[in-house]
Amino acid sequence: MSSTVPESAPPKAGAREWAGLAVLALPTLLLALDQSVLFLALPHLAESLNPTGAQTLWIMDVYGFMMAGFLVTMGTLGDRIGRRRLLMTGAFAVGVTSLAAAFSTSAEALIVTRALLGIAAATLMPSTLALISNMFQDGHQRGRAIAVWASCFMGGTALGPVIGGVMLEYWWWGSVFLLGVPVMLILLVSAPFVLPEYRDRDAGRIDLVSAALSLAAILPVIYGLKEITREGWAPVPVIAIVAGLGFGTLFVRRQGRLEHPLMDLGLFRRGAFTASLLVLMFAMVTMGGSYLFISGYLQMVEGLSPAEAGLWMVPSAIVSIVAATLAPTLTKRLPMSVVIGCGLGVTTAGYLLLVFVEPAGGLPLLVTGFVIAFLGTGPIGALGTHLVVGSAPPEKGGSAASLSETSGEFGVAFGVAALGSLGGAVYQSAVSVPAGVPEDVADTVRGGVEGAVAEAGGLPAALGEQVLGAAGEAYTAGLNTVAAVCAALAAVTAVLATTALRRGGGGGAADGEPGEPGRTDAEGSLQPAGDR
C-alpha cells in the first residue's frame with residue numbers, strides 16, 4: 001500500500017507545526033523592528049560616536065544594502081544546505097552582531113557590524129517563509145500561516161518607533177540593538193524541537209560567479225535609488241543603476257546556461273508566481289513613497305517627535321494586521337484575485353483622501369486616509385506572498401521566498417526614490433520664502449522641509465513661524481501629489497491583480513493550492529515535486 005499522500009488531500013499541520021510558526025514569527029518581528037528603530041537612536045548615537053555625515057548615511061543604509069544584496073544567495077543556499085540549518089546559523093550570527101553593534105565604540109565599527117548584521121539578517125526571511133511552505137502543505141493552513149507571518153512584519157514596523165522610544169528614554173543608544181539577542185536565543189533553543197529540516201538533495205553546488213553577479217546587480221541598483229532620494233538625479237547614482245542592470249543581464253544569461261542555477265528562471269513561467277511578484281512590488285512602491293511623506297508630515301508639519309509619530313501610525317498597522325489575518329478566510333468564498341483586487345481598490349480610496357490633506361488641521365484626514373490605505377494592503381502581504389511561495393515547487397521554496405523579499409526591497413527603494421524625488425520637486429516649486437530671510441538661509445529652506453525646520457529655530461520667532469508655515473504648505477502639496485500618484489498606481493495594480501492573477505492561477509475560490517506540493521522522505525529532505 002503506497003504511503004504517498006494524494007495530491008487532493010495534502011496532510012494537515014498539527015500542534016508541532018503551529019508551535020514552529022510561533023518560533024518563525026520571532027525573527028520576522030525582530031527584522032521589522034530593526035528597520036525602524038535606528039531612526040530614533042540616531043541623535044543619541046551621533047552624540048556618542050560623532051560620525052561624519054557620510055558615516056551617518058552608511059550607518060543608516062548599509063544594513064538594508066547587505067540584506068537586499070544577499071537575499072537571493074541565502075534563499076538558494078537554504079535549499080541546498082537545509083533551511084533550518086541556515087536559519088539557526090543566521091540567528092546565531094544576528095545575535096553576535098547585534099551585541100557587537102550595541103557596544104561599538106566608533107562609527108567605523110558600527111558600520112562594519114551593521115553590514116554583518118544585514119548579511120546575517122538575509123538568512124532569516126527566506127528561511128522562515130520557505131519553512132512555512134514546507135510545514136503547511138494544506139493550502140488554507142499555509143495561507144493562514146503566511147498571514148500570521150505577514151502580520152508580524154507589519155506589527156514590528158509599527159511598534160519599532162514606540163519600543164525604541166521607550167528604551168531610549170531609559171537606556172543608551174546601543175540598547176535598541178540588544179532586542180535581537182533574547183529573540184535569537186529563544187529561536188536557537190526551540191528550533192531543533194519544533195522545526196523540521198528541509199533541503200533539496202538535487203540542487204547541486206552554489207555557483208559562486210552567479211552569487212557575485214547577483215550582488216553586483218542588486219547592490220548598485222539599491223544604492224543608486226537611495227542616493228537619488230537624497231541627492232536627486234546626479235550622475236553617480238544613475239551610473240550605479242545602469243551598471244547594476246548590466247550585471248543583472250549577465251546574471252540572467254548565466255542562469256539559463258547552468259544545470260543548477262542560483263535562480264531558477266523556470267519559476268517565472270508560472271503565471272501566478274510572476275503576477276504575484278509584480279503585484280507585491282507595485283504595492284511596495286506605493287507603501288514606500290507614501291510612508292516617507294506621511295512620517296515626514298507628522299514630524300515636519302505637525303511637529304511631533306519620532307515616538308509620537310510612531311504612535312499615530314499604530315492604527316494603520318493594526319488594521320493591516322486584521323486584514324491580513326482575515327484574508328485567507330475570505331478566499332474560501334471569493335477568488336484570491338478578487339480579494340487582492342478589492343483590497344487594492346480600498347487602498348486607492350485611502351490614497352485619494354490624502355490628496356485633500358491640508359497643512360493646518362490635516363492630521364485627522366491624514367490618519368484616516370493612511371488607515372484605509374493600509375487596510376487594503378493587508379491582503380496583499382498575506383495572499384500575495386502565499387501565491388508566490390505556493391506557486392513554486394517545495395524544493396525551490398527558499399529561492400521563491402528570496403525573490404518575494406527582493407521584489408519587496410526593490411519596490412520600497414524605488415517608491416522612496418521616485419516618489420520622494422517627485423514630492424521634493426513639488427516642494428521646491430511650491431515653497432515661497434518669506435521676505436526678510438537671509439539668502440543663504442533661503443537657499444536651505446528651498447532645498448527641503450528638513451532644512452527649513454532646522455533654520456527656522458535660528459530666526460526671530462515671527463519670521464521662523466512664517467518659514468515653517470511656507471515649508472509646511474509646500475511639503476503638503478508634495479504629499480498631495482504623491483498621494484494622487486499612489487492612488488493611480490494602486491488602481492492599476494488592482495486591475496493587474498484581478499486579471500493577471502486569475503489567468504495565472506490565483507483565481508479559484510477556496511483555491512488553497514496555487515502550487516504543486518512536493519513530498520518528503522523520512523528524513524525530511526525534499527524530493528522534486530514531479531517525482532511521484
Side-chain angles (χ1 to χ4, degrees), residues 19-45 48-49 58-67 70-71 74 78 83-129 131 149 152-195 306-307 310 405:
L21 176 63
V23 173
L24 293 176
L26 293 175
T28 305
L29 184 64
L30 173 68
L31 292 183
L33 287 169
D34 276 350
Q35 289 183 340
S36 56
V37 76
L38 188 60
F39 289 97
L40 291 179
L42 192 60
H44 306 267
L45 182 157
S48 177
L49 302 183
W58 278 109
I59 290 170
M60 297 296 295
D61 290 342
V62 71
Y63 173 85
F65 287 160
M66 293 295 104
M67 185 169 69
F70 279 88
L71 277 171
M74 292 303 181
R83 293 160 190 174
R84 185 182 69 186
R85 179 183 297 177
L86 181 65
L87 179 67
M88 294 181 67
T89 302
F92 176 79
V94 166
V96 172
T97 51
S98 295
L99 278 172
F103 294 100
S104 295
T105 56
S106 67
E108 294 83 358
L110 184 57
I111 291 171
V112 172
T113 54
R114 287 276 292 169
L116 295 175
L117 184 58
I119 296 173
T123 67
L124 302 181
M125 296 298 278
S127 296
T128 56
L129 260 182
L131 281 168
W149 177 90
C152 288
F153 191 83
M154 298 171 190
T157 301
L159 291 176
V162 180
I163 295 175
V166 172
M167 295 184 71
L168 291 170
E169 187 172 345
Y170 297 100
W171 295 294
W172 89 113
W173 63 265
S175 64
V176 298
F177 293 110
L178 296 180
L179 286 169
V181 177
V183 171
M184 294 301 104
L185 283 175
I186 294 172
L187 190 152
L188 288 170
V189 171
S190 57
F193 299 100
V194 295
L195 298 179
E405 293 302 313

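Because the structure is predicted, anything quoted here is derived from the model rather than measured. Position 1 is the first residue of the sequence; numbering continues from there.
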Nearest 0.5 Å please: distance from the [atom1] atom of [X] over to the [atom2] atom of [Y].
| X | Y | atom1 | atom2 | answer |
| --- | --- | --- | --- | --- |
| L195 | S190 | CG | OG | 7.0 Å |
| F92 | T123 | CZ | OG1 | 12.5 Å |
| L117 | Y63 | CG | OH | 5.5 Å |
| M74 | S127 | CE | OG | 9.0 Å |

Side chains of [X] and [Y]: closer than 4.5 Å at any heavy-atom pair?
| X | Y | result |
| --- | --- | --- |
| R114 | S104 | no |
| W149 | L24 | no |
| L87 | T128 | yes |
| L187 | V183 | no |

Which heavy atom of [X] sits nearest to which heavy atom of [Y], and what is that distance?
| X | Y | answer |
| --- | --- | --- |
| A101 | L110 | O-CD1, 3.7 Å |
| A120 | V94 | CB-CG2, 3.6 Å |
| T113 | A100 | CG2-CB, 3.6 Å |
| P27 | L124 | CB-CD1, 3.9 Å |
| R84 | P192 | NH1-O, 3.7 Å |
| L49 | T105 | CD2-C, 3.6 Å |

